[in-house]
Each structure stands twice: as C-alpha cells, then as structure tokens.
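Data block below; observations after.
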Amino acid sequence: MVGDAHRAPETAAGRLGRRLLTGWAVLGFVYLFIPIAVIVGYSFNDPAGKFNIIWRRFTFDNWAHAFERGPLTEAMVRSLQIAGIAAIAATVLGGLVALALARYRFRGGALIEILLVLPLTTPEIVLGASLLSLFIDLDQQRGFWTIVIAHVLFCTSFVALTIKARIRGFDWTLEDAAMDLGAPPWRTFSRVTLPLIMPGILAAALLSFALSIDDFIITFFNAGTTETFPLRIFGASRNEISPQINVLATVVLLASVALLLAGVAARARVEGRPVVVLTDTDG
Amino acid sequence: MEGDEVIQLRGVAKHFGAAVAVHEASFGIRRGEFFSMLGPSGCGKTTTLRMIAGFESPTAGQILLEGVDVSRTPPYRRNVNTVFQQYALFPHMTVAENVAFGLKSRKVGGSEITARVAEMLDVVRMADFAARKPAQLSGGQQQRVALARALVNRPAALLLDEPLAALDLKLRQAMQLELKRIQRDTGGTFVFVTHDQQEALTMSDRVAVMSDGWVEQIGTPEEIYHRPTTAFVAGFIGEANLLSGLAGDGRLLMVRPERIRLERRPPAAPDAGIGGTVQEIIFRGSTTHVSLASTAGPIVANITDGAALGDMRPGAEVWAVWEASAAYPVPATRDADDLDDAEPDDPHRTDATDPSNGELP
C-alpha cells in the first residue's frame, strides 16, 4: 500500500525507511483502536466480581443477557430517543440556517456566523450550568425534554457549520435551471437542491446523533432525576461495572458504523462533478 | 407590425442599487428568428436575457411574452427556456431524466414524456446516451443535452446565455452550425447572448449590439457591419477606420480596412480618399497590414495584394483611397436621436451609398 510501482529502484536504506514508515502508521492505528478493541473484547469477558476490569475467560453470556440490567437498558433506550429527536430537530434547524447563510447575502449574516460558533467554544460546564439556572428561573422541572432542549442547542451549531462547509461549492445555477424548467420553489428544493446536499445533511445528522448520545456534562446539569446512558454508567461505576455496559456500547458502535456506511453509499449515488465540496473526510 | 413578435421589451431598465445594468431598452424579437444580443462583458446583455427568463425583474418597463405582460411572472410560469453558460445539468439525474424534468414539472403524461424525450434526444443526436449521467459526457455532449432539456418543452423562445463560450474553438464552430440546424429543424425563436462578434454575425438573423447598458443598434449582420449607426458599433463589429472631419455634422466617416487601397496620386471621383504618411507595414500572410497617420486620424489598411505595395517604406507619403460606397457616416457620440435610429428600417440608410459624404481632401 505504501509501495509504488513507478518509483526508481529502491536502495536497502530506502526499503528499511519504507518499512519503518509502515510500522509507524500501524502503531498510530493501534493507538487509535486499542480502547475500542478493549471495549468490544471485554463484552465477552466473564468477570470475577462486579467490576469488569480484569480478563478471566471468554463467554457469550453477556450478549445472551444483554438487556438483563433493567435500568441500564432503560437508560440506553432513553439516550437513543433523545439523540434521535435532537438529531432531527438540530438537522432541520441547522440545515435551514446553513442554507440561508450559504445562499443569500443579508444584513446580520456575519453576526449569525459568529453566534453559531459560540456554543461550540463555550466550555460545556458553563453552558450546562447556565442552562440549569435558566430552567430554574423558568421554574421548569428538569427531565427528558430539558435534556433534548440542551442537546438541540449545541447540535444545531454543529449541523449549521457542517452543512454550510459542505455546500460551499454548490452550483446555485441549478436552482435557476429547475425554475426555468417550470419547477416552483418547493419542487426545485425537493428534486434538485435537497438530493444534492443530502450527503452533507446526513453527515451532519450522524454527527448530531453521536454528540448527543455521548454528552455527559451538559446532560448532567439538566437531567433532573432522568438517567441517560452515560449518566447511568457514571452513577453505577462506584458500585459495579457490568459487562452489559460493554455489550451495549458495542451495539452502539456497530450501529454507527452501519449508519456511516449508509452515508457513504448515499453520497456515491449522487454522482458527477463534486457539487458538494468535501472539506473533510467524515470519520 | 407587432403581431408576430414573440417577445417585446417596452422601456425595460434594470438598476442594481446605483448601478444601471440596462437603460431603457425597447425592441421586439420576431417569431422564428435567430436573434443575438452582442456586446462586451458588462454591457447588459445577460441581464436583459435574465429579465426575459424571469430571474431578474425589471426596475422599469414591461416585458411581453406572446402579447402578455410577464414582467412580474416568476420563471416557472413563463413559457421560455434557457440554455445556461455552464449548462447547469442536474448531476444526480441521467440524461433522459434531465430532459424529462421540464415536462414532469408541467404535469405532462408519462407516455408523452417518454416519446418527446426520445424524439428530442434524436434531434440533438444524443439518443445513445440517455442513461448516462452528465459527468460521463464531454462538454459538447453536455451542451446538446442542455439544448434538448430546454427545447423539449417547446418554449415560445429559447434563451441561450453564451452557450458556446466553454467549448474549444473547433467544437464551438461545429456547434454553431449544429445550433443553426436545430433552429431550422424545430422552427424555434432563439435569443442568443454572446460577446463574440464573429459568432453573432455567423448565426444571427438580427443582432442587437449593446454597450454600457444601451442598445446601440439592432439590425441584420450586414446592416450592423456595413451601416453601423454608432461609432461603438463600427469599432466593435470588425475593424473600422473612423475618420473625423470628412463627413460633416461632427460625424465620423467609417471605412473598413479591407476597402482601402494605397495609391501614389489623389483619387478621381467617384472614389474618395485622404493623404497620409506610412507608419508601419506588417506582413500577415493573406493580407498586409499598413498603418497611416493622416489629418483625419490614424488609418489602417488591409492590403490583399502585397506586391502592389512595391518598395513602400515607413515615412512614405501615400493616398488612402476607397470607393464612395465603402464609406459610411456614423455619429461620433450617442444621443437620443441615434437611439431612435437604431431601427433596421432606418431612413438614413440611403445615406450609406451617397458618395457626397466622402469628401476629397
């Protein structure tokens, strides 16, 4: 994979250098993936006590009883619901902001771009605490919906910035062409604009989903007595670390990989010149 | 007179803030004609086209499409279609889907769509590529698809925004002929925007020459070449000598370089001419380019028969001579009267062959 057939004949030193480089790259990947491998691997562990931290022996038991731990499973389901709602809401809101910023020049556009970055640069602890005081001021009981509101808040910024970066190279003449061919604004959007920017929208939605499911600090402040998956794991970790945590985490991992592949396939369907500028390779 | 004009502009102007893109333009485009709007970039030709298409709304005036005022009608309710400069084909659709898009928007029946798409792909000779995506086509092929996508809707007029500018020279010339053929085959009205005067002369039935937002002249290619009504048109369409002091009324006398002979003695009537000093002689293959300085301004002559120049050298005193019919007076500056003259049925046209305009020095 590093070798190149068209290169000049290699010296011994060159060959050595090439192998070292390959070795270095492999090390880099190992570093990245060891934590994930440990999580997946320990989902097959049969721990001696309540703490799944020392390898004893291989078992499928944890997978067979994946949903045995009631509160943990409930927290998992709740996290998935919150992430789903937050991702959809943030993608719609952030997507519209991104379209407006990319498509039109208007008064206050630059200000909006600055405001969008603020939730991302504000420390989570500040965001979480200030949201909490807002909810208390409003006399709002904390729970499922306050978590959703908090997640939509920071996800919207991520979505808007991601989609805006992805549609920077969009050829807006295509919208003129659609209207010229008799398509009213809605048909123009649904048949031309939306399908072409869909890969960027999907990427942003996936990012939102991942950010939401993962969030601890902001959620911690605004959850009340409601438990999300991260909150549950943290709360229980003083008493036990059950292998079901690893099982559910592995399930989430597999699900995100599947979604990622779906995203790549969706982009491959949109063929042709790069109508959407790929500013990053989504990971 | 207006009965067979598909498009009429009545005092149409477009301002962008303080900038004026198009000053009051009034003209008609006749059914079935190949009409070009020609001018340098920034002259307002594309803005005018976009107003006809509906992408811009005029600041003042009216646009009539088949007799109906469409000035405030959105593009999707106007029966005109556009071929865009970069084609603007939908990259996520096949060639056939691209061509079918307009018919589907207008709720044409499924079997009719299939038939008309196939027929139109035949006309542009792209039937074998119906299942391809635009990215899999060459520039010329994309051009044909863009044409088919617009023409399949049977628009009252086809609007073309510099559609050949992105093609290389050879392909551009081939597509010029192809466009003319398609226009003949479909009998459509084509409104063509270009900055290339050769292209406009080659293809058009009539040409509107534009500059700085003004329509300078509208006429057949022969009219705008031989009988320009403004100095700008004379200079923009081909090379022109604009001689001052020979035409009277402060007008300039236009003589094309290829109509000038160089002689040793003053011309005899009905020929006209002016004396000058040779500045430069440049051999260009089929012609020899001679520049002179004269009291009427610089003169350029393109001499086909280089041998006739003999041993002429820079500094020589010669006579630039032309047949009286080769000279045509044009106003030095544009004013309101000249705009009225910009009609093809210009009564001044008879002046063109009046030898008295070419005074002897």
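Chain naming here is simple, since letters A, B, ... match the order of the sequence lines and numbering starts at 1 in each.
For chain A, the nearby parts of B/F101 are the backbone and the side chain; heavy atoms of each come within less than 4.5 Å. At a 4.5 Å heavy-atom cutoff, the contact between B/R149 and chain A is made by backbone and side-chain atoms alike. Neither the backbone nor the side chain of B/R77 comes within contact range of chain A; no heavy atom of the residue lies under 4.5 Å from a heavy atom of that chain. Using a 4.5 Å cut-off between heavy atoms, B/N153 touches chain A through its side chain atoms alone.
The candidate with the highest count of non-hydrogen atom pairs below 4.5 Å against chain A, out of B/S105, B/A150, B/G102, is B/S105.
Side-chain contact between B/F90 and A/L181: present, with at least one pair of heavy atoms (C-beta onward) separated by less than 4.5 Å. Side-chain contact between A/D176 and B/P75: absent, with no pair of heavy atoms (C-beta onward) separated by less than 4.5 Å.
Separating the OG1 atom in A/T173 from the CZ atom in B/F84 is a distance of 7.0 Å, to the nearest 0.5 Å. Remark: A/R191 CZ to B/H92 NE2 distance equals 9.0 Å, nearest 0.5 Å.
Counted within 6.0 Å of OH on A/Y104, heavy atoms from surrounding residues, nucleotides or ligands total 12 or fewer; the atom is thus considered open. Within a 6.0 Å radius of CZ in B/R72, other residues, nucleotides and ligands contribute more than 12 heavy atoms. At most 12 non-hydrogen atoms from other residues, nucleotides or ligands lie less than 6.0 angstrom from CZ of A/R19.
Shown here for B/A88 and A/A177, the closest heavy-atom pair between the two residues is O-CB, 3.8 Å. A pairwise comparison of heavy atoms in B/M93 and A/V192 identifies CE-CG2, 4.4 Å as the closest pair.
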